[in-house]
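The structure presented is a predicted model; accordingly, all values stated were derived computationally and were not measured. Quick note on labels: first sequence line is chain A, next is B, and so on, each numbered from 1.
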Amino acid sequence: MKQNRLESNEQDNQLLIHLNQAQRQAVQNIEGPTLIVAGAGSGKTRVITFRIAYLLLQGVSPFSILALTFTNKAAKVMKDRIFQLTNWKEGRYLWAGTFHSIFARILREEWANTPYPQNFTIYDTSDSISVIRAVIKELDISNKTYPPRQILSRISGLKNELITAKDYQHDESLKEQDRLRLQPKFFEIYRRYCEKCIYSGAMDFDDLLLQTYLLLNNNPTVLQKYQLRFRHIMVDEYQDINEAQYKVVSMLADKFENICVVGDDAQSIYAFRGAKIKYIQEFRKRYANAAIYRLEQNYRSTKSIIGAANSIIKNNKKQIEKTLFTDNEFGKKVNLCELRNEIVEAEYIRDEILRIVNGESNDSNEITNGQISSYSQICILYRTNAQSRVFEEVFGKSRLPYQIFGNISFYQRSEVKDVLAYLKLIVNPGDQESFKRIIGKPTRGIGQSTVDRLIVFANRNGYSLMESIDYLSQGHSGISGSIIAKLKVFKSMIDRFVVESEKLNASDLSQLVVERTRIIDFVKQRAENEEVAFEKVGNIKELLNSVGDFVEQAGNDPEASGESLGAYLQNVALYTSQDEQDVQIPRVTLMTVHLSKGMEFPCVFVVGLEEDLFPSALNNSPEGVEEERRLMYVATTRAEKLLYLTHVSSRFRAGDRIQSFPSPFLDEIDKKFIFRDRKTSFYSPTLGGKPKTKSEPKNNFYYEPSNLSAIMSVKDIDKMKKVEHQSEDKNGEDHYPNLRSGSKVSHHKFGLGVVKSVEGKGQNKKAIIEFEKIPTPKKLLLAYAKIKILRTKS
DNA sequence: GTGTAATGCTATTGG
DNA sequence: AGCATTACAC
């Protein structure tokens, strides 16, 4: 032990030698509440990482450390680094991750004390919207007075403020607000939304926070368990936490008060998610004895970049006193460029990137240096995701390697979601959204109206959709016997999977599901061409690989929450595009400013710096503008050596080409840090991007005959299959044999009518019927039409 | 009942 | 401009 201690001292020194004084003090202050106010690029991540390593070297058990980070990726990088620093394999046991994933883990472990099953489903935004739509339909109110997205964002805001539906019910002033807002039914929607989620055993993203709060608040023993376990708590990006997160962390830390939070008020950019800067002040109030450290020296950027960033942020009124400085060289001035439109903007940036990477000089601001030589050192930042499109097109044509963060994540692809929905339903048969998603994939003769009836039946009897199927009998639900049989076939397939899930691991089970459901054939058949089909099938196989990887990893990690499918699905629901990044090939990175938080790149382009775009026109309240300014501050401080700020004079937005004006933030930058490249306003690309003329041959391979035939053949096969299908099961059946011209009929939708004529045979037998309520006669396919014959002939 | 075509709607930022 | 829901044909 003594030996160990000596060794440890040596390691301590090794560790501390890499830190400046303020950093070192912050790292060594391991007891009691600690607030680290850390400016951009001041070595914040390093301090957190080293502090944990230091804790471990002081003999603190990794089991007793909780680190809450902004992304799971950041947590993983941190863990790897800690492992390097301490050489302690046990480092793997510390809990590090995002609020959402750590809380999901706690809820999974403590499910018995929650209203949810262990394998609760995590609903993403589109699932939540779908639930809200269902509620609105159920209440028979208009989705115009109650726009689902807006409703969801209000619900989300309430949950983040820890206001449950029950709390809401007793709050007359909130309800009064609803009436003034002309949304008197809002509470009812909120209540039913929560109810439906609970019936489905599903939590939305905000529930992960709210339910964790409720769990700990309602169960003192559970709270105590985690208080005793997490003797040391660290929170990164503290400026971006919301009420729910603040409360949970505070509760957990109440026992030992060994809580260290790190943040920078100037980088608070998530107000729309309920984040408030005030929690930094709350922390100081809650812990009057908190040690406070300021990290104000920036190690990341040149003086010109820091100067520009400081001159922007100083225009914000609400700020904690702090000055960011750097001892780095002055460096190149910040390049400010105006381009004609968004296409030229992308082309200009493409050319500039090529020049930088090839080390060619640019006579205007003498941008040459061998320091930036790889695409991976370059990043393009924009305010909205929609801006990435033009870059994709231009870079794609020029074969400039790039990767986009925050695009549709792999797990959001429809075919992947389909397979995931099967798995979710197996793990949690209560999950209505998953049921609705896959009941028709592949088609099994169960349509919308059947699902609607099933939902009504289930709601009336308090069953889940899956349970309802067992209790269905003809006559009660309005579902016909033949369809009930189909439902039962579906259910018994899922039931078999459930049984098999006890024997098989997640990976084998997933494979079985994909095989037995024939989902691949279905996806192929649905795809518009062979290429798409190939890609989609590839994605499904990739998904299977990912389950396989998870099972393998879980097997190696004794602390993992099991290798179960349920754990996998919860994991995947919280995946972000950052977790998917691929560093194998050097590529230019494109992302929103929000996603860039915490990252750094030698060369950064901040694009679309125009009025109403950046700052966003939708965030124009005084506080909103301050947040946009902080966003601008975050964007500029990502750059180490080179920073470009671009804006265009004309941009295509929301279907219109509009004239654009420079962002007001650009005027705020001290001119001594700026090089305005006047030439760029008449910039024409030097390569590749010639203006498209009609005479030029299109490089569009979709027009190639070989591809055309491929498309045709797929469709032909489709048609053939359909014909086959029809002929084998429906041929020979005679629909409404007694129906003839003159018959009186009634239709469930069109009402009373008289048959004018009957034509065709079997599947194609049609009747032309004149309905009383409808001006033009209807031609109905008798195989599908639901009519009652009132009298065969008058 | 299902698939497709046309229409209608909405439109930051993200876990 | 894109996407989702709806309307209609099969």
Notebook entry, point to check: Of the nucleotides dG3(B), dG15(B), dG1(B), which has the atom closest to the Phe205(A) side chain?
Noted result: dG15(B)
Next item on the list: Could you tell me the separation between the CG atom of Asn160(A) and the P atom of dG15(B), rounded to a whole number of Å?
Entry: 14 Å
Margin query: Tell me the interatomic distance from Phe405(A), atom CZ, to dG15(B), atom C1', rounded to whole angstroms.
Written below: 16 Å
Checklist line | Donor-acceptor side-chain pairing of Asp236(A) and Thr69(A) below 3.5 angstrom | finding: no
Item checked: Nucleotide nearest Leu595(A) when distance is taken to its side chain, options dG15(B), dT12(B), dG1(B) -> dG15(B)
Item checked: Flag for Ser200(A)-Gln432(A): side-chain donor and acceptor within less than 3.5 Å -> no
Next item on the list: Remember a base hit wins even if backbone is also touched, and classify Phe652(A) as base, sugar-phosphate or nothing at under 4.0 Å, heavy atoms.
Entry: sugar-phosphate
Item checked: side-chain N/O Asn385(A) vs dT13(B) OP1/OP2, d < 4.0 Å -> yes
Checklist line | Gap between atoms CZ and P, on Arg444(A) and dG3(B) respectively (whole Å) | finding: 12 Å
Check: So, is Thr384(A) near the phosphate of dA11(B), with a side-chain N or O under 4.0 Å from OP1 or OP2?
Finding: no
Notebook entry, point to check: When we call it a touch if two heavy atoms are under 4.0 Å apart, what does Arg133(A) touch: a base, just sugar-phosphate, or nothing?
Noted result: sugar-phosphate
Notebook entry, point to check: OP1 or OP2 of dT12(B) sitting under 4.0 Å from any side-chain N/O of Thr592(A)?
Noted result: no
Note to self: Suppose we call a contact any N or O donor and acceptor under 3.5 Å apart; does that hold for the side chain of Asp206(A) and the base of dG15(B)?
What the structure shows: yes
Check: Using a cut-off of less than 4.0 Å, is there contact between a side-chain N or O of Ser449(A) and OP1 or OP2 of dG1(B)?
Finding: yes
Next item on the list: Determine whether the side chains of Gln659(A) and Ser650(A) contain a donor N or O and an acceptor N or O closer than 3.5 Å.
Entry: no
Checklist line | Separation of atom CE in Met599(A) from atom P in dG14(B), rounded to whole Å | finding: 11 Å
Next item on the list: For a ring pair (Phe, Tyr, Trp, His ring centres under 6.0 Å) with Phe70(A), tell me which candidate from Tyr238(A), Tyr270(A), Phe99(A) qualifies.
Entry: Tyr270(A)
Next item on the list: Give the rounded distance in Å between these two atoms: CD1 of Ile122(A) and P of dG15(B).
Entry: 14 Å
Margin query: Applying a 4.0 Å non-hydrogen cut-off, can you work out what Leu208(A) is touching in the nucleic acid: base, sugar-phosphate, or nothing?
Written below: nothing
Margin query: Below the 4.0 Å mark, does dG15(B) have OP1 or OP2 next to a side-chain nitrogen or oxygen of Thr71(A)?
Written below: no
Next item on the list: Check step by step if salt bridge (Lys or Arg N to Asp or Glu O under 4.0 Å) holds for Glu342(A) and Arg653(A).
Entry: CA-CA 10 Å; Glu342(A) 72 281 359; Arg653(A) 279 188 79 188; over 6 Å; no
Checklist line | Length of the line joining Lys417(A):NZ and dA4(C):C1', which is rounded to integer Å | finding: 14 Å
Check: Stacking between Phe272(A) and the base of dT13(B) (centre distance under 5.5 Å, interplanar angle under 30°)?
Finding: yes
Checklist line | Distance between C1' atoms of dA4(C) and dT13(B) (Å, rounded) | finding: 22 Å
Check: When you match Leu574(A) and Lys144(A) each to their closest nucleotide on DNA chain B, which lands nearer the 5' end?
Finding: Lys144(A)
Margin query: With a cut-off of less than 4.0 Å, is there a side-chain N or O of Arg389(A) near OP1 or OP2 of dG2(C)?
Written below: yes
Next item on the list: Select from Asn72(A) and Gly447(A) the residue whose nearest nucleotide in DNA chain B is closer to the 5' end of that strand.
Entry: Gly447(A)
Item checked: Separation of atom CZ in Phe99(A) from atom C1' in dG15(B), rounded to whole Å -> 12 Å
Margin query: Restricting to non-hydrogen atoms, name the atom on Gln211(A) and the atom on Met203(A) that form the minimum distance, rounded to 0.1 Å.
Written below: CG-SD, 3.8 Å
Notebook entry, point to check: Quick one: is dT10(B) close enough that its OP1 or OP2 comes under 4.0 Å of any side-chain N or O from Arg149(A)?
Noted result: no
Notebook entry, point to check: Rounded to whole angstroms, how far apart are CG on Asp452(A) and P on dT5(C)?
Noted result: 13 Å
